[in-house]
Amino acid sequence: MAWGWGMCLVGGAMKLTCFGHSCFLVESAGTRFLFDPFIRPNPLAAHIEVEKIQADVILISHAHMDHIADAVELATRTGAKVLASWEVA
């Protein structure tokens, strides 16, 4: 297992990147799953370049702003499908 700033490799088959708060990216079998994209409004994530994040699927756990803030921008730019519960959809 290899570690880096905010990311780890799990058994070489999966890459996990933490963007702070509740936002993380899981890359597995060529697919990028982004969870709860709250980056730009998070002062602790100021070093993260949102425009460089790529996603195939964006998953939203619930409709609080600290879980959805960057979802529309990222989905529009990347073409990612967005999966969410009825309260968000």
Side-chain angles (χ1 to χ4, degrees):
M1 184 181 311
W3 289 87
W5 169 252
M7 77 174 148
C8 68
L9 295 176
V10 181
M14 183 184 302
K15 180 179 174 184
L16 175 66
T17 305
C18 179
F19 294 118
H21 192 64
S22 61
C23 183
F24 58 96
L25 179 73
V26 174
E27 297 175 71
S28 180
T31 303
R32 297 165 296 208
F33 300 91
L34 183 65
F35 292 79
D36 290 339
F38 173 72
I39 303 164
R40 287 194 197 278
N42 182 357
L44 299 176
H47 64 284
I48 296 169
E49 298 176 83
V50 176
E51 58 280 350
K52 291 187 177 180
I53 296 173
Q54 295 297 318
D56 300 302
V57 180
I58 298 173
L59 298 104
I60 308 293
S61 63
H62 61 281
H64 290 172
M65 185 53 76
D66 62 340
H67 294 263
I68 65 171
D70 297 299
V72 172
E73 174 189 347
L74 284 161
T76 301
R77 183 175 52 75
T78 65
K81 293 181 191 258
V82 178
L83 301 177
S85 65
W86 64 270
E87 72 172 333
V88 180

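Quick caveat, the model's predicted, so the values are computed rather than measured. Atom set for the values below is all heavy atoms of this structure, side chains included, hydrogens, waters and symmetry mates excluded.
Across all their heavy atoms, Val82 and Ala75 have their closest contact at CG2-CB, 3.7 Å. Pairing each heavy atom of Ala55 with each of Ala80, the nearest pair is O-CB, 3.4 Å. Of all heavy-atom pairs spanning Gln54 and Arg77, the tightest one is NE2-NH1, 3.1 Å. Here the closest non-hydrogen pair linking His62 and Glu87 is CB-OE2, 3.0 Å.
Note on Leu44 and Ile48: separate hydrophobic clusters, where clusters join Ile, Leu, Val, Met, Phe, Trp and Tyr whose side-chain heavy atoms are under 4.5 Å apart, directly or indirectly. Under a hydrophobic clustering in which Ile, Leu, Val, Met, Phe, Trp and Tyr are joined whenever their side-chain heavy atoms come within less than 4.5 Å, directly or via other members, Phe33 and Val72 fall into different clusters.
Counted by atom type alone, Asp36 and Ser61 present one or more donor-acceptor pairs between their side chains at under 3.5 Å.
Between Glu49 and Arg40, no side-chain nitrogen of the basic residue sits less than 4.0 Å from a carboxylate oxygen of the acidic one, so the salt-bridge criterion is not met.
Asp70 pairs with exactly one of Asn42, Leu34, Ile39 by the side chain to side chain contact (heavy atoms under 4.5 Å, CB included) rule, that one being Ile39.
The structure places OG1 of Thr76 at 9.0 Å from CG of Leu74, a figure rounded to the nearest 0.5 Å. The CZ atom of Phe35 sits 9.0 Å away from atom CG of Leu25, with the distance rounded to the nearest 0.5 Å.
A 6.0 Å sphere centred on NE2 of His64 holds no more than 12 heavy atoms belonging to other residues, nucleotides or ligands.
Counting heavy atoms from C-beta on, the side chains of Leu83 and Ile58 never come closer than 4.5 Å. Looking at Met14 and Glu27, their side chains never come closer than 4.5 Å, going by heavy atoms from C-beta outward. Two residues are said to be in side-chain contact when any heavy atoms from C-beta on lie closer than 4.5 Å; Lys15 and Val26 fail this criterion. Looking only at side-chain heavy atoms (C-beta outward), Asp56 and Lys81 stay at 4.5 Å or farther from each other.
Of the possible donor and acceptor atoms, none in the side chain of Arg32 sits under 3.5 Å from a partner among the backbone N and O of Ile53.
Taking the ring centroids of His67 and Phe38, they lie at or beyond the 6.0 Å cut-off.
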